[in-house]
S.K.: 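Below you'll find the structure I mean.
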Number of protein chains: 2
Amino acid sequence: MASVKFTDCSSSTAAAALLLPSSRYRVRHSVLHSLRSMPLQFAPVKPILLRTTATISHASASPSIVTATNPTAWSPHRKISNHLLLSAMAAETSAKIIDGKSIAKQIRDEITVEISRMKDTVDVVPGLAVILVGDRKDSATYVRNKKKACESVGINSYEVHLPEDSTEQEVLNHISGFNDDPSVHGILVQLPLPSHMNEQNILNSVCIEKDVDGFHPLNIGRLAMRGREPLFVSCTPKGCIELLHRYGVDIKGRRAVVIGRSNIVGTPAALLLQREDATVSVVHSRTNNPEEITRQADIIIAAVGQANMVRGSWIKPGAVVIDVGINPVEDAKSAKGYRLVGDVCYEEACKIASAITPVPGGVGPMTIAMLLSNTLSSAKRMHNYK
Amino acid sequence: MASVKFTDCSSSTAAAALLLPSSRYRVRHSVLHSLRSMPLQFAPVKPILLRTTATISHASASPSIVTATNPTAWSPHRKISNHLLLSAMAAETSAKIIDGKSIAKQIRDEITVEISRMKDTVDVVPGLAVILVGDRKDSATYVRNKKKACESVGINSYEVHLPEDSTEQEVLNHISGFNDDPSVHGILVQLPLPSHMNEQNILNSVCIEKDVDGFHPLNIGRLAMRGREPLFVSCTPKGCIELLHRYGVDIKGRRAVVIGRSNIVGTPAALLLQREDATVSVVHSRTNNPEEITRQADIIIAAVGQANMVRGSWIKPGAVVIDVGINPVEDAKSAKGYRLVGDVCYEEACKIASAITPVPGGVGPMTIAMLLSNTLSSAKRMHNYK
């Protein structure tokens with residue numbers, strides 16, 4: 001396999017900016033965690049033009065064919081006239097931005113209304129328990145953000161913060177307590193756990209009815225199987241699909257490529273897309289020529305945790321791009337010394353795709369919104385409340 | 001979607017032979033069950049010639065590059081000379097036959113030796129319990145074949161045959177008994193169950209340690225997840241991969257297409273191929289242009305239950321083809337009035353593929369061999385015997 005070269009494709013920084021060590025500036029560890037060191041091949045940038053008839057027939061007619069406020073079904077196979085195409089090219093077509101921040105706010109507002117209605121009707125308030133072990137600053141930040149988000153929609157949050165040198169049994173005891181506590185409808189163990197603990201044992205001990213992270217293999221199995229329904233779907237992939245739905249992107253019958261096969265994003269995202277009748281291919285670290293396969297996709301979900309890996313040349317004109325990666329790259333112009341970029345080279349992709357999520361502000365805000373949504377669903381299910 | 005046209009591509013029958021009603025002549029119902037009425041598009045037959053440089057570089061050098069007795073790593077990307085290619089074309093290249101019957105026999109022999117060793121060492125004999133409900137002749141045949149296969153390798157078999165009008169609770173009671181019985185290491189519920197029973201409830205009641213069919217969602221979930229190990233893998237997809245292994249077919253990094261997404265074949269086959277680092281695409285009833293996608297594959301697993309659906313034009317020269325389908329088609333020349341064909345048009349495919357499973361005698365015999373293998377593994381695990 002060719003080794004990976006990192007390139008910052010942004011014009012605002014040097015052409016070969018170095019990635020910061022992810023241990024120092026790790027962002028959204030849960031996504032990056034199992035995806036690090038993935039030696040996906042990295043093709044040199046080639047200019048992509050809408051130049052062949054075959055390509056044109058797949059291209060989208062306009063940079064604004066999807067809208068959040070008034071979604072219309074999107075079809076990558078829409079026929080467009082040469083006139084429109086040339087106009088779009090002349091105007092330096094730029095993709096519709098899929099605004100995850102705004103959609104997440106909309107979802108939180110909907111959840112707030114539902115929780116208020118539930119409290120008034122059956123006097124039940126959903127509760128989310130979070131277990132944090134150790135003193136990782138990034139983990140503490142996520143937990144704080146989740147707590148804030150809970151408060152903002154009216155979910156009760158319960159937090160246990162254990163020292164780094166706690167035993168696995170202590171964590172299991174707390175989980176067991178939350179499993180039995182009827183005021184807790186969702187349990188979340190903040191990852192990563194200290195290395196002396198068995199993550200699998202601990203995650204498996206969360207009872208499946210409260211597995212709001214959707215990480216339990218029983219939930220993944222049900223997600224994979226036709227005619228079965230998972231109790232919960234992992235928050236990040238669920239957020240990706242929710243974005244597609246809310247932007248009226250047609251999934252059925254479309255070619256979808258998921259880049260990355262992690263347990264928490266890539267695999268469940270692929271299974272979700274297949275449940276929605278997409279024809280799904282999964283590209284991963286052992287894939288030969290991932291660019292060629294990705295370029296066939298109408299919908300791309302990139303979840304590898306490598307800055308700017310997916311270049312413009314990987315994208316079929318008119319494709320919809322969901323970028324899950326959040327990667328820090330050095331940036332001397334930023335006060336923090338770094339800025340965040342996705343797995344997709346945004347500046348190139350936005351000229352080729354019909355719609356794309358920005359980083360930050362795309363998938364990121366959706367993850368917590370989906371956690372709140374899962375917690376509400378859990379409380380509703382436990383109290384048989386519709 | 002275009003409706004499917006059935007064509008018998010064999011020269012020994014009329015060009016447009018009708019499929020027999022599958023209810024009368026259903027064979028291997030478990031495979032066909034969830035795959036019926038799948039309106040996959042059916043492209044007209046186009047002749048495929050090894051004619052372009054790009055194609056040639058993917059073609060196999062010889063019709064015999066894989067052998068069962070002396071397997072060598074197979075690579076669809078092997079470079080071949082024009083001379084060899086022209087010779088192969090002149091000789092009407094015909095694919096290596098992947099002889100499932102012979103491999104299954106080899107596996108049964110290995111299992112027999114293991115069971116004998118286990119009995120001698122720890123005095124344990126593996127036991128398989130089969131529950132049959134109703135009077136379907138095909139189901140009775142499968143159960144009888146499984147029983148015979150158990151006897152042939154030294155596995156104890158236990159059979160419960162309940163009348164069609166049994167209650168779900170009666171079936172559950174028998175499963176519960178087998179769950180508690182230490183002499184039973186595998187439990188198999190013959191499908192389909194009568195329509196008044198909830199298949200999901202019944203399959204879920206088989207304890208996961210004895211789920212030798214691998215149908216439990218927890219097993220499917222573990223199969224889908226990196227770093228997790230299923231206790232059992234469904235027998236038919238496991239048999240497909242075992243054939244690839246025993247024929248020395250290199251899976252890692254190869255493009256694989258699975259046609260069909262059933263819970264018992266297509267989905268677990270795709271997950272298995274991905275675990276082996278193939279780049280997997282799943283083609284199904286909602287896929288547009290399945291031919292185009294399938295033609296990109298180095299490895300094809302066809303599991304749709306539609307006679308001769310995969311034509312020669314769907315296959316990349318040099319690809320390896322595993323045909324799971326067993327479909328009856330009318331044949332006046334046969335004493336039974338029908339004969340069995342696969343999902344792949346064998347006569348066309350064998351001229352394009354480098355290796356192919358025949359029907360019958362390909363995947364079929366492997367399914368029972370894998371059931372025996374799963375039962376042995378279960379007994380070994382329960383008795384901590386290596």
Side-chain angles (χ1 to χ4, degrees), chain A residues 1 34-35 41 76-77 199-200 203-204 208 214-230 251-259 261-264 266-268 270-271 273-290 292-294 296-298, chain B residues 1 34-35 41 76-77 199-200 203-204 208 214-230 251-259 261-264 266-268 270-271 273-290 292-294 296-298:
Chain A
M1 295 289 296
S34 55
L35 301 161
Q41 289 177 324
H77 297 284
E199 184 181 300
Q200 193 169 324
L203 291 182
N204 281 356
I208 187 167
F215 290 169
H216 197 289
L218 198 49
N219 272 324
I220 300 287
R222 288 184 182 174
L223 186 65
M225 295 171 82
R226 305 192 81 189
R228 304 289 179 110
E229 289 298 328
I251 301 175
K252 188 172 179 172
R254 300 289 168 232
R255 289 289 302 275
V257 165
V258 176
I259 311 176
R261 52 174 168 170
S262 71
N263 290 342
I264 55 178
T267 294
L271 297 174
L273 285 165
Q274 188 167 298
R275 278 178 94 86
E276 302 241 355
D277 288 334
T279 299
V280 183
S281 305
V282 178
V283 162
H284 50 75
S285 57
R286 303 299 174 197
T287 296
N288 289 313
N289 205 351
E292 183 190 328
I293 300 167
T294 306
Q296 297 174 8
D298 302 312
Chain B
M1 295 289 298
S34 55
L35 301 162
Q41 289 176 325
H77 297 284
E199 184 181 301
Q200 192 169 323
L203 292 181
N204 280 357
I208 186 164
F215 291 169
H216 197 289
L218 198 50
N219 272 324
I220 300 286
R222 289 183 182 174
L223 186 66
M225 294 172 83
R226 306 193 79 189
R228 305 289 179 109
E229 290 298 329
I251 302 175
K252 189 172 178 169
R254 300 287 170 235
R255 290 290 302 276
V257 165
V258 175
I259 310 177
R261 52 174 168 170
S262 71
N263 290 341
I264 55 178
T267 293
L271 297 173
L273 286 165
Q274 188 167 298
R275 277 179 95 87
E276 303 241 356
D277 288 334
T279 299
V280 183
S281 305
V282 178
V283 162
H284 51 74
S285 57
R286 302 298 173 196
T287 297
N288 289 312
N289 206 351
E292 183 190 329
I293 300 167
T294 307
Q296 296 174 10
D298 302 311

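Reminder, nothing fancy here: chain letters follow the sequence lines and each chain counts from 1. All values reported here derive from a predicted model rather than from experimental measurement.
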S.K.: Of all the heavy-atom pairs spanning B:N263 and A:A224, show the shortest one and how long it is.
M.R.: OD1-O, 4.4 Å

S.K.: Please flag which part of A:A278 lies under 4.5 Å from any non-hydrogen atom of chain B: side chain, backbone, both or neither.
M.R.: backbone

S.K.: Yes or no on side-chain contact (heavy atoms from CB on, under 4.5 Å) for A:I220 and B:R228, after CA distance, side-chain angles and deciding distance?
M.R.: CA-CA 12 Å; A:I220 300 287; B:R228 305 289 179 109; over 6 Å; no

S.K.: To the closest 0.5 Å, what do you measure between CD1 (B:I264) and CE (A:M225)?
M.R.: 9.5 Å

S.K.: Minimum heavy-atom separation for A:G227 to B:Q200, with atom names?
M.R.: O-OE1, 3.5 Å

S.K.: Quick check on A:V280 against chain B: is it the side chain, the backbone, both or neither that has a heavy atom closer than 4.5 Å?
M.R.: backbone

S.K.: Please flag which part of A:Q296 lies under 4.5 Å from any non-hydrogen atom of chain B: side chain, backbone, both or neither.
M.R.: side chain

S.K.: So how far is it from A:R255 CZ to B:N288 CG, rounded to the nearest 0.5 Å?
M.R.: 10.0 Å

S.K.: Is a donor on one side and an acceptor on the other found under 3.5 Å between the side chain of A:R261 and the backbone of B:Q274?
M.R.: yes

S.K.: With sequence neighbours excluded, tell me which residues meet side chain to side chain donor-acceptor pair (under 3.5 Å) with B:E276.
M.R.: B:H245

S.K.: Sequence neighbours left out, what passes side chain to side chain donor-acceptor pair (under 3.5 Å) with A:T279? Give chain and number order.
M.R.: B:T287

